[in-house]
Amino acid sequence: MTKKKTARPALPLKTAGLLALIVPALLLSGCTGSSATPTKTPTTAAWASGYVTPDATEITPLTGLTVAAGSSAHPSLAAKVDNHVAARPQVGIDRTDLVFEELVEGGITRYVAVWQSNIPDQVGPVRSIRPMDPDIIAPFGGLVAFSGGQQRFVDAMNATGQISAIFDYDTTGLFSRSKATAAPHNVILAASEFVNRNASVAPPAQQYAYAATLAGASAVVDGAPISVINTRFSDSSARSWTWNAEAAAYLRGQDGAPDLTAEGSQLGATNVVVLRVNVTVDQSIPKTELIASGEASISTGGKTLAATWSKDSQTSPISLVDANGVTIRLAPGNTWFQLVPNGTGSVDLVP
């Protein structure tokens, strides 16, 4: 008797469909024909930054300019510089950080010139000290050079603690006489040599506030357009400063003519600060009173801002504030201070 075969039950439709997909895939995965190209994992080159660390910088204390770190690590040098007509053109005056112009005997002016960021080989002509000079120079705490002066003024200068080079007493060869001008307007100081001999003396503290750029200076931001600054110290001493946009500086004139260097270029300043000061007479010698306060004008970038100046003590710097009592920011660069007497002097600002 033949045994009857039992039929297998049919797969559900869903299962049959899955098998129809899986079986061909398995068959294909099992094929290892020599024509198959193996998949490669992409590689990426190691990344390297192109950033270069910038050189370290610092701000010069008497100009607000940015320079290489360490380049200002030396003292300032102040010198009493002649401004008699027979002393012009002066030596090294175009490389100053600061210049203070002051009234002396006979209605003429002299300078307290200060170098720190750029010390020339020579400066001059060097002349004698005056009673207001210790008050101007004391805040810098560095070196000072002058030809001599009344003993009481020499003693007052020495009492400030500056290191003095005095022509009348020098035996170290720091001074010489130039043949370019006649005595007494020809005493020249070996400036860089004087600084090098005293390189360990600390640089000065920053004296004034500076904006980062010319455009950020207080006078540029808040001042009125002024193109010419005329100052008069006496009937015989007139000065002018004319804004020159191409040079980004005020160009200086004296007694109606351009004030020129020995090379023929006109002296200029980034900032012109005019202080109205009282002048007393000390045994026939004019003394600008600086431990005081008064009106000022600050000129930068072709604009001028009214201000107030004050100085609390001999060792404190001159403070400059606007009408709201906010500290004035000068532009980075050199500054000339005009110490214009109340009474005999005058200031005329020309738009």
**Q** Starting at CD1 of I163, measure out to CZ of R197 and round the result to the nearest 0.5 Å.
**A**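 Reported to 0.5 Å precision, the distance equals 12.0 Å.
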
**Q** Strictly under 6.0 Å, is that where the ring centroids of Y208 and F337 end up?
**A**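 For Y208 and F337, the ring centres are under 6.0 Å apart.
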
**Q** Under a 3.5 Å distance rule, please check whether T344 uses its side chain to pair with a backbone N or O of P341 as donor and acceptor.
**A**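 No, T344 side chain to P341 backbone: no donor-acceptor pair under 3.5 Å.
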
**Q** Would you say V277 and I285 are hydrophobically clustered, going by side-chain heavy atoms of ILVMFWY under 4.5 Å?
**A**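 Yes, V277 and I285 fall within the same hydrophobic cluster.
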
**Q** Can you tell me which residue among D259, N118, L260, L267 is in a side-chain contact (heavy atoms from CB on, under 4.5 Å) with D94?
**A**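 Going through the options one by one, the only one that passes is L267.
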
**Q** Would you tell me whether E289 and N278 have side-chain atoms, one donor and one acceptor, within less than 3.5 Å of each other?
**A**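 The answer is no; no qualifying pair exists.
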
**Q** Give the C-alpha distance, both sets of side-chain angles, the deciding distance and a yes or no for side chain to side chain donor-acceptor pair (under 3.5 Å) between N244 and Q266.
**A** CA-CA 11 Å; N244 185 297; Q266 193 168 2; over 6 Å; no

**Q** With a 4.5 Å cut-off on side-chain heavy-atom distances among I, L, V, M, F, W and Y, is there a chain of contacts connecting Y169 to F146?
**A**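 Yes; tracing contacts between hydrophobic side chains, which count when under 4.5 Å, links both residues.
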
**Q** With rounding to the nearest 0.5 Å, note down the distance linking CZ in F194 to CZ in F175.
**A**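 Between atom CZ of F194 and atom CZ of F175 there are 7.0 Å.
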
**Q** Would you check if the side chain of D121 reaches a backbone N or O of S192 as a donor-acceptor pair within less than 3.5 Å?
**A**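 Absent.
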
**Q** Quick check: closest heavy atoms across S236 and G106, and the distance to 0.1 Å?
**A**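 Closest approach of S236 to G106: OG-O, 3.7 Å.
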
**Q** Look at atom CD of E295 and say whether more than 12 heavy atoms of other residues, nucleotides or ligands are closer to it than 6.0 Å.
**A**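 Count not over threshold, so no.
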
**Q** Only distances under 3.5 Å count here; give the side-chain donor-acceptor pairs of residues 124-144 to other protein atoms, sequence neighbours excluded, each with its distance to 0.1 Å.
**A**
from : atom 1 : to   : atom 2 : distance (Å)
R127 : NH1    : D82  : OD2    : 3.1
R127 : NH1    : H185 : ND1    : 3.3
S128 : OG     : R110 : NH1    : 3.2
S128 : OG     : R130 : NH1    : 2.9
R130 : NE     : E105 : OE1    : 2.9
R130 : NE     : E105 : OE2    : 3.4
R130 : NH2    : E105 : OE2    : 3.0
D133 : OD2    : K80  : NZ     : 2.6
D133 : OD2    : R130 : N      : 2.7
D135 : OD1    : Q314 : NE2    : 3.0

**Q** Can you confirm whether F233 sits close enough to Q338 that some side-chain heavy atom of one is under 4.5 Å from a side-chain heavy atom of the other?
**A**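 The answer is yes; the side chains approach within 4.5 Å.
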
**Q** If you round to the nearest 0.5 Å, how far is OG of S72 from CD1 of I59?
**A**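 Going from the CD1 atom of I59 to the OG atom of S72 covers 9.0 Å.
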
**Q** Grab the two heavy atoms, one from Q116 and one from P203, that are nearest each other, plus how far apart they are.
**A**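 Closest pair (atom of Q116, atom of P203, distance): NE2-CB, 3.9 Å.
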
**Q** Is there a donor-acceptor pair under 3.5 Å between the side chain of E102 and the backbone N or O of L339?
**A**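 It does not hold such a pair.
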
**Q** Distance check, rounded to the nearest 0.5 Å: W336 atom CH2 versus N271 atom CG?
**A**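 That separation rounds to 13.5 Å.
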
**Q** Which residues pass the side-chain hydrogen bond (donor to acceptor under 3.5 Å, both in side chains) test with D97, sequence neighbours left out?
**A**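 D97 satisfies side-chain hydrogen bond (donor to acceptor under 3.5 Å, both in side chains) with S117 once adjacent residues are dropped.
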
**Q** Any donor and acceptor pair, going by atom type alone, linking the side chain of Y210 with main-chain N or O of L62 inside 3.5 Å?
**A**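 Answer holds: yes.
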
**Q** Any chain of hydrophobic side-chain contacts (each under 4.5 Å) joining L174 to I119?
**A**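 The answer is yes; both residues are in one hydrophobic cluster.
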
**Q** R177 side chain to I188 main-chain N or O, any donor-acceptor pair under 3.5 Å?
**A**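 Here the side-chain-to-backbone pair does not exist.
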
**Q** Does the side chain of L275 come within less than 4.5 Å of L320's, by heavy atoms?
**A**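 A side-chain contact exists here, since the closest heavy-atom pair is under 4.5 Å.
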
**Q** To the nearest 0.5 Å, tell me how far W309 CH2 sits from I328 CD1.
**A**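 One gets 15.0 Å once the value is rounded to the nearest 0.5 Å.
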
**Q** Are N83 and Q254 side-chain neighbours, meaning at least one heavy-atom pair lies under 4.5 Å?
**A**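 The answer is yes, as the side chains (C-beta and beyond) meet within the 4.5 Å cut-off.
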
**Q** Got Y250 and T242 here, is their nearest side-chain heavy-atom distance under 4.5 Å?
**A**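 Counting from C-beta outward, Y250 and T242 never come under 4.5 Å.
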
**Q** CH2/W115 to CG/N334 distance, rounded to the nearest 0.5 angstrom?
**A**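 Answer rounded to 0.5 Å: 12.5 Å.
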
**Q** Which atoms form the tightest heavy-atom contact between P332 and L214, and what is the distance?
**A**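 Between these two residues, the closest heavy atoms are CD-N, 4.2 Å.
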
**Q** L330 and V273: side chain to side chain contact (heavy atoms under 4.5 Å, CB included), yes or no, with the steps?
**A** CA-CA 9 Å; L330 303 175; V273 177; 4.2 Å; yes

**Q** Could you tell me which non-hydrogen atom of V81 sits nearest to which non-hydrogen atom of A113, and how far apart they are?
**A**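 Between these two residues, the closest heavy atoms are CG2-CB, 4.0 Å.
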
**Q** For the hydrophobic clusters of this structure (ILVMFWY residues joined by side-chain heavy atoms under 4.5 Å, transitively), does one cluster hold both L189 and V201?
**A**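 They do share one cluster, since a chain of ILVMFWY contacts under 4.5 Å joins L189 to V201.
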
**Q** Is S227 reaching over with its side chain to a backbone N or O of V350, donor-acceptor style, under 3.5 angstrom?
**A**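 Side chain of S227 to backbone of V350, a donor-acceptor pair under 3.5 Å: yes, one is there.
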
**Q** Is V114 reachable from I166 through a run of hydrophobic residues whose side-chain heavy atoms are each under 4.5 Å from the next?
**A**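 Both belong to a single hydrophobic cluster.
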
**Q** Please report the closest heavy-atom contact between A199 and P75, naming both atoms and the distance.
**A**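 Smallest heavy-atom distance, with atoms named: O-CD, 4.1 Å.
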
**Q** Does any non-hydrogen side-chain atom of V347 lie less than 4.5 Å from one of R232?
**A**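 Side-chain contact under 4.5 Å: no.
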
**Q** Ignoring hydrogens and geometry, is there a side-chain-to-backbone donor-acceptor pair from D155 to N158 under 3.5 Å?
**A**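 Not at all, since once roles are kept as given, no pair shorter than 3.5 Å links the two residues.
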
**Q** Between I229 and L349, is a side chain to side chain contact (heavy atoms under 4.5 Å, CB included) present by the stated rule, with each step listed?
**A** CA-CA 5 Å; I229 308 156; L349 305 176; 3.8 Å; yes

**Q** Check W241 against G268 and note the closest heavy-atom contact, atom names and distance.
**A**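 So the two residues come closest at CZ3-C, 4.3 Å.
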
**Q** Taking T60 for the side chain and L65 for the main chain, is one N or O donor matched with an acceptor at less than 3.5 Å?
**A**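 Side chain of T60 to backbone of L65, a donor-acceptor pair under 3.5 Å: yes, one is there.
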
**Q** Could you check whether any side-chain N or O of S237 sits under 3.5 Å from a backbone N or O of S234, counting only pairs where one atom can act as donor and the other as acceptor?
**A**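 The answer is no, because no donor-acceptor pair under 3.5 Å joins these two groups.
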
**Q** Is there a donor-acceptor pair under 3.5 Å between the side chain of Q207 and the backbone N or O of A205?
**A**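 Checking the backbone N and O of A205 against the side chain of Q207, a donor-acceptor pair under 3.5 Å is found.
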
